[in-house]
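Encoded as C-alpha cells, the structure appears first; notes follow it.
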Amino acid sequence: MALSWNEIKDRALKFSKEWQGETREHAEAKSFWDGFFHIFGMSRRRLASFEQPVKKLNDKYGFIDLFWKGTLLVEHKSRGKNLDRAYSQALDYFSGLKERELPKYVLVSDFENFRLYDLDESEEHEFNISELHGNIKLFGFIAGYQKRVFKEEDPVNIKAAELLGKLHDLLEDSGYNGHPLEVLLVRVLFCLFADSTGIFEQDLFKEFVEVKTGIDGSNLGALLSEFFQVLNTPRSKRLKNLDESLNQFPYINGKLFEEPLPIPAFNSQMREMLLDCCGLDWGKISPAIFGSMFQAVMKPEERRNLGAHYTSEKNIMKLIKPLFLDELWSEFDKVKANKAKLKAFHKKLAQLRFLDPACGCGNFLIISYRELRLLELEVLRELKGSQQAFNIDLLVLIEVDQFYGIEYDEWPVRISEVAMWLMDHQMNLLVSEEFGQYFTRLPLRKSANVVHGNALRIDWEDVVSKKKLNYILGNPPFLGKQLQTKEQKQDSAILFKQIKGAGVLDYVTCWYIKAACYVAKTKVKVAFVSTNSISQGEQVGILWNELFRYGVKIHFAHHTFKWSNEAKGKAQVYVIIIGFGSFDVAKKLIYEYEDITGDAHEKTVKNINPYLVEGQDLIILKRRQPICDVPKINFGSMPNDGGNLLLSSEQKEKLLNIEPKAEKFIKPLISAREFLNHKKRWCLWLKDISPQELKGLTEVVKKVEATKKHRIASKRETTKKLADFPTLFGEDRQPDSDYILIPRVSSENRKYIPIGFFDKNSIVSDSCLAITNGTIFHFGIITSLMHMTWSEYVCGRLEGRIRYSNEIVYNNFPWPKYPAKKNKTKVEKAAQKVLEVRAEFPDSSLADLYDPLTMPPKLVKAHQALDKAVDICYRPQPFPNEMVRIEYLFELYNEYIQNQ
C-alpha cells in the first residue's frame with residue numbers, strides 16, 4: 001500500500017533529525033540511502049544499485065555512487081566538498097549509458113546539503129538536510145507521485161509512438177498479428193503507464209522484464225502470458241508458491257487481462273525494444289491521447305504524424321465548457337459558501353451522465369471526466385478545508401461509469417475504457433496529494449460503458465436511458481456525399497427516410513437527426529463538432545427543416561475555426577460547434593473568430609439561427625424565382641459533346657486554315673476557368689447553321705459525327721436522346737441579350753467573387769451562371785460586400801471554395817428596398833469605376849486582380865467606394881462589421897418572405 005504524503009513527511013522529518021549535524025562518510029552511504037528510500041516506503045535494493053560501473057569517454061571506468069536506471073543518478077561527496085564538481089562528475093557518466101538508462105534526475109549531496117537537478121524541466125533545487133521534509137515533494141517520483149504537465153506536442157508522445165510502433169512491427173513480422181497483437185499491445189501500453197504512474201510500484205514492470213527474462217528474449221512471451229494471468233487473478237486466489245516477482249503486482253481486474261492469448265515468440269531485439277519502451281516516462285503522456293497514439297501505432301502510415309491523429313484538448317474544451325462545464329463552475333461559485341447546498345451539488349455531480357455516440361478512443365469522455373473530477377476536487381477542498389481526519393475513499397463520488405459511448409470499430413472501445421481508467425488513476429493521485437491520503441481504485445470495479453456498434457442503427461435508449469442522461473457530446477465523422485460508403489449512405493437513407501434532397505447531406509447530419517429524435521421533450525443538452533457545410537448552402541434548409549420538427553433550439557455555436565494540431569502533414573479541417581436541445585434557454589452564446597486559427601470572442605445573443613447568426617429561426621430553401629423584382633438567373637449551356645464541339649485557340653486556327661467559312665460559327669466559350677484566368681476557349685455554335693452550310697464544312701461535320709457517337713454511347717437515356725441533335729449543345733441556355741456572368745465556384749480567399757459583363761455572342765458554359773438583361777446597377781449590388789456577405793453565409797462549399805447557387809443564393813438575396821434614385825446612380829457610377837479600373841490591367845487575370853495579396857490598390861479603393869454606395873441603398877447607418885451585415889440581411893429577407 002502506498003504511503004500518504006502526511007506519512008512521507010513525518011518519515012522525512014524523522015530521517016533528517018537522525019542524520020543531520022554529523023560528519024558522514026562513504027562507508028555509511030548505503031545505510032543513508034536505504035533510509036532515504038524507506039521514507040517513501042520503497043526498497044532501495046530493488047530500485048537502485050551502488051557503485052555501478054560505467055565506461056566514460058576516456059575509455060576508463062568510473063563508478064556511479066547510486067544509480068536507478070532511467071530515473072535517478074546520485075553522486076555524493078564527503079561533508080563540505082564541492083557539489084559543482086560532483087554534478088560535473090555525474091554528467092561524465094552519461095556517455096557510457098544506454099539511452100533508456102539516462103536519468104531524469106541527478107542528485108548531488110554531501111549528506112548535509114542536497115542539490116536536485118530535474119533534467120526534463122531544466123530546474124534545480126538546493127536545500128539543507130534540516131529542510132528535507134519541506135522539500136520532500138521534489139522526490140515524489142520515487143513513490144510514483146509526480147506533477148504531470150501534459151504537452152500536446154511533447155516529443156515524448158512521438159518517441160513513445162515510434163518505439164511502440166517498432167515493437168508492433170517486429171511482432172507482426174514474426175507472424176503475431178491481428179486481434180491477438182492488438183490485445184497484447186493494449187496490455188503492454190497499460191503496463192507501461194502503470195509503471196510510471198503508481199498503479200504498479202515504480203518501475204516494477206521494467207524490473208520484471210529486465211531481471212526475469214533472458215537476454216535472448218526466448219522466455220519473454222511465456223512470462224508475459226503468466227504475468228497477464230496474475231494481473232487478472234485476485235491475491236486470495238493466486239497460487240501459494242507463486243514467484244514473488246509476479247505476486248508483488250496488484251490485481252487489476254476490469255477484464256483487460258481476461259482473454260487468453262497465443263504466446264508470442266520474442267527475440268533479443270524485441271526484448272530490447274520492450275525495455276526501451278519501459279525506459280520512457282509514460283506518465284507524461286496524457287490519457288487523452290492514449291487511444292489516438294495506439295491507433296497511430298497500429299497504422300504505420302499514420303505513425304509519422306502522431307499529432308495529426310488526436311484532437312487537441314484546447315479544441316475539446318471549446319465544446320465542453322459551454323455545454324456543461326462553465327455552468328457547473330458557476331453553480332459551484334454560488335453554493336460553495338453553504339455546506340448543505342454544496343453537498344447537494346456534489347451529489348448532483350455524481351449523478352450526471354454523459355454520452356458520446358461516436359466516441360472513437362474516448363477523447364471527449366476522458367477530458368470531460370477529468371474536468372468533472374477537478375471540479376469535485378474544489379468541492380472537497382471547500383467541504384474539508386484543512387481537515388485531515390476523514391476517509392477520502394468515501395468522499396470521492398464521481399466514477400467512470402457515469403460516462404457512455406458508442407463506437408463502430410471494436411478496438412477503440414477497449415482503448416477508451418483503458419484510457420478512462422488511466423485518467424481516473426491520475427485524478428486519484430491528485431486527490432491523494434491534496435489530502436495527504438493515498439487513494440486508488442484497485443482492483444478496477446467500474447468502467448466506462450462503451451458499446452461496440454453502429455450508432456446510427458442501434459437504439460441509444462439501450463445504451464443509456466434518456467431519463468438518466470444529461471449530456472450528449474462528440475465529434476462524429478465528417479463525410480460528404482461523394483466520400484460515403486454504401487453502408488453509410490444506407491444509414492442516411494434510413495434516418496432521413498423520404499426527406500427530399502437528403503442525399504446531399506454530410507454524414508455528420510445523421511447524428512443530429514438521431515440525437516434530436518432521442519432528446520425530444522427532455523432537458524438533455526447536445527453538442528457536436530461538425531463540418532461547417534451543415535450551416536451553409538442547401539444543407540441548412542434540408543437538415544434544419546427536419547430538426548425544427550423535434551423542437552430543436554440552438555444554445556451556443558462556434559463559428560468556423562481551424563480544427564487541427566501543429567503536427568506536420570496534418571489535414572486542414574475547418575469546423576463549427578453547435579450546442580442544442582429540444583428546449584429553449586435564456587442565455588445563448590456565439591463564439592466569433594477574427595482569425596480562424598486564433599481564439600474566439602464570446603457574444604451573448606437572444607437567438608441563434610441555423611446559419612449560426614443572431615436572428616429568428618429561419619431556413620433558406622431553394623426557390624425558382626427571385627424574392628425581389630430583379631432579372632432572372634440561369635445556368636450556362638452544357639455541351640455534353642465529349643469535347644468535340646470545343647476548341648482551343650490552336651485548334652481554332654488549324655480549323656480555320658482548312659475551312660475559313662467556319663469562322664462565323666465559332667464563338668468564344670466562357671467557362672469559370674477561362675473567365676477567372678484570362679484564358680481563351682472557343683466552341684462551334686451551330687444553332688442557326690443550314691444543312692447546306694454544314695455539308696460544306698467537312699471538318700465541322702466530322703466533329704458533329706463524333707458528338708453524335710459520344711451521345712449514343714452514353715449509359716444515360718437522356719444523353720442518348722440528345723444524339724438526335726448533334727449540332728447543338730446538350731443544354732442550350734444562352735442569353736439572347738447581354739448578361740452578367742457569375743462563376744459557380746470561386747476561391748474562399750477572395751473578398752469579392754469576380755463578376756463580369758458579356759454580350760450575347762459570348763457563350764456562357766454551365767460552370768457559370770448568367771443574369772440576362774442585368775444592368776450596371778444589378779452588377780454593382782451583386783459585386784458589393786453586402787452580397788458577398790450573404791454569399792459567405794448562404795453559399796455551399798466545394799472543398800472550401802464558395803459554391804454560388806442560383807436557387808439558394810441569388811433567388812433568396814434581399815435587394816435594397818426602394819432605394820432613392822440618387823443612391824442608385826451612385827451605385828452605377830461606382831460599379832462602372834470598378835470595371836474601368838479592371839480594364840487598366842489588360843494583362844492581368846481576374847484571379848490575380850482579386851487575389852488578396854496582389855489586388856491593385858486602385859481596385860481595392862474602387863470596391864470600397866462601391867460598398868459604401870450599396871450600403872446607403874440599404875440604410876443610412878454604416879455596417880460596422882460582417883456580423884451586423886448578415887443579421888440585417890436575414891431580417892430583411894424575413895420581411896420579404898412574410899410579405900409574399
Side-chain angles (χ1 to χ4, degrees), residues 8 11-12 15-16 18-20 22-56 60-146 196 201-204 206-207 210 279 281:
I8 291 171
R11 289 187 175 198
F15 175 85
S16 62
E18 179 183 345
W19 285 87
Q20 72 186 55
E22 299 182 28
T23 303
R24 303 293 174 182
E25 302 297 337
H26 276 59
E28 298 174 282
K30 287 187 179 181
S31 178
F32 181 91
W33 291 112
D34 284 351
F36 189 89
F37 274 77
H38 181 68
I39 292 173
F40 303 91
M42 305 298 287
S43 168
R44 189 278 307 166
R45 290 178 176 82
R46 186 181 71 78
L47 294 174
S49 57
F50 278 104
E51 301 299 323
Q52 174 74 34
V54 60
K55 192 175 185 180
K56 298 192 289 187
K60 293 182 179 180
Y61 276 89
F63 294 88
I64 301 173
D65 289 340
L66 181 70
F67 187 41
W68 178 1
K69 292 179 181 179
T71 301
L72 176 67
L73 187 153
V74 177
E75 188 65 25
H76 46 242
K77 299 294 180 185
S78 298
R79 187 177 182 184
K81 295 293 183 179
N82 190 315
L83 295 186
D84 290 334
R85 288 188 62 187
Y87 181 58
S88 177
Q89 186 175 340
L91 296 182
D92 286 344
Y93 296 129
F94 280 31
S95 61
L97 300 175
K98 295 179 181 179
E99 185 176 358
R100 68 168 179 264
E101 296 175 337
L102 291 173
K104 301 175 182 68
Y105 301 89
V106 171
L107 177 64
V108 293
S109 169
D110 65 356
F111 299 102
E112 185 73 19
N113 299 293
F114 293 82
R115 190 185 297 166
L116 179 69
Y117 296 87
D118 184 334
L119 302 182
D120 285 348
E121 299 299 327
S122 300
E123 294 178 355
E124 178 184 332
H125 306 274
E126 188 165 2
F127 52 89
N128 186 271
I129 192 170
S130 63
E131 303 168 309
L132 176 62
H133 69 283
N135 290 276
I136 199 65
K137 285 194 175 183
L138 296 175
F139 298 91
F141 60 87
I142 295 177
Y145 289 107
Q146 292 187 66
S196 298
E201 283 188 32
Q202 191 74 12
D203 287 346
L204 196 59
K206 180 171 78 170
E207 179 191 354
E210 199 163 36
D281 184 359

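Between Ala90 and Leu73, the closest heavy-atom pair is CB-CD2, 3.5 Å. Taking each heavy atom of Ile8 and Ile39 in turn, the nearest pair found is O-CG2, 3.5 Å. Considering all non-hydrogen atoms of both residues, Leu97 and Ile64 come closest at CD2-CD1, 4.3 Å. Minimum interatomic distance between Ser109 and Glu112 (heavy atoms only, all atoms of both residues): OG-N, 4.4 Å. Considering all non-hydrogen atoms of both residues, His76 and Phe50 come closest at CE1-CE2, 4.3 Å. Shortest non-hydrogen contact noted between Tyr93 and Glu75 is CE1-OE1, 3.5 Å.
One distance of note links CD1 of Ile142 with CH2 of Trp68; it measures 6.0 Å at 0.5 Å rounding. Rounding to the nearest 0.5 angstrom, the gap separating the CG atom in Leu72 from the CD atom in Gln202 is 11.0 Å. Going from atom CG of Asp203 over to atom CZ of Phe141 covers 11.0 Å, rounded to the nearest 0.5 Å. With rounding to the nearest 0.5 angstrom, the CG atom of Leu83 is 12.5 Å from the OG atom of Ser88. Distance CG/Leu138 to CG/Leu107: 10.5 Å, rounded to 0.5 Å.
A donor-acceptor pair under 3.5 Å is formed between the side chain of Lys206 and the backbone N or O of Lys69. No donor-acceptor distance shorter than 3.5 angstrom exists from the side chain of Glu121 to the backbone of Asp118, with no hydrogens or angles considered. Within the 3.5 Å criterion, the main-chain N or O of Asn113 finds a donor-acceptor partner in the side chain of Asp110. Tyr105 contributes no side-chain N or O that, together with a main-chain N or O of Leu119, makes up a donor-acceptor pair within less than 3.5 Å. At least one donor-acceptor pair closer than 3.5 Å links the side chain of Arg11 to the backbone N or O of His38. Counting only distance, with no hydrogens or angles, the side chain of Ser16 and the backbone of Ala12 share a donor-acceptor pair below 3.5 Å. No donor-acceptor pair closer than 3.5 Å links the side chain of Gln52 to the backbone N or O of Ser49.
The aromatic rings of Phe32 and Phe111 sit perpendicular, their planes meeting at an angle over 60°, well past the 30° parallel limit.
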Given Trp33 and Asp65, is the side chain to side chain donor-acceptor pair (under 3.5 Å) satisfied, shown in steps? CA-CA 10 Å; Trp33 291 112; Asp65 289 340; over 6 Å; no
Step by step, would you call Phe15 with Leu132 a side-chain contact (heavy atoms from CB on, under 4.5 Å)? CA-CA 9 Å; Phe15 175 85; Leu132 176 62; 3.7 Å; yes
Can Leu102 and Phe94 be said to form a side-chain contact (heavy atoms from CB on, under 4.5 Å), step by step? CA-CA 7 Å; Leu102 291 173; Phe94 280 31; 4.1 Å; yes
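With contacts defined as side-chain heavy-atom distances shorter than 4.5 Å, the pair Val106/Tyr87 qualifies. Using a 4.5 Å heavy-atom cutoff, the side chains of Asp281 and Ser196 are in contact. Contact annotation: the side chain of Tyr117 never approaches that of Glu123 to less than 4.5 Å [non-hydrogen atoms, C-beta and beyond]. Inter-residue side-chain proximity for Leu116 and Phe139 is flagged as met; some heavy-atom pair is nearer than 4.5 Å.
The ring pair (Phe, Tyr, Trp, His ring centres under 6.0 Å) search around Phe127 returns Phe114, not counting sequence neighbours. Remark: Glu126 pairs with Arg115 by the salt bridge (charged side-chain N to carboxylate O under 4.0 Å, His left out) rule, at least two apart or across chains.
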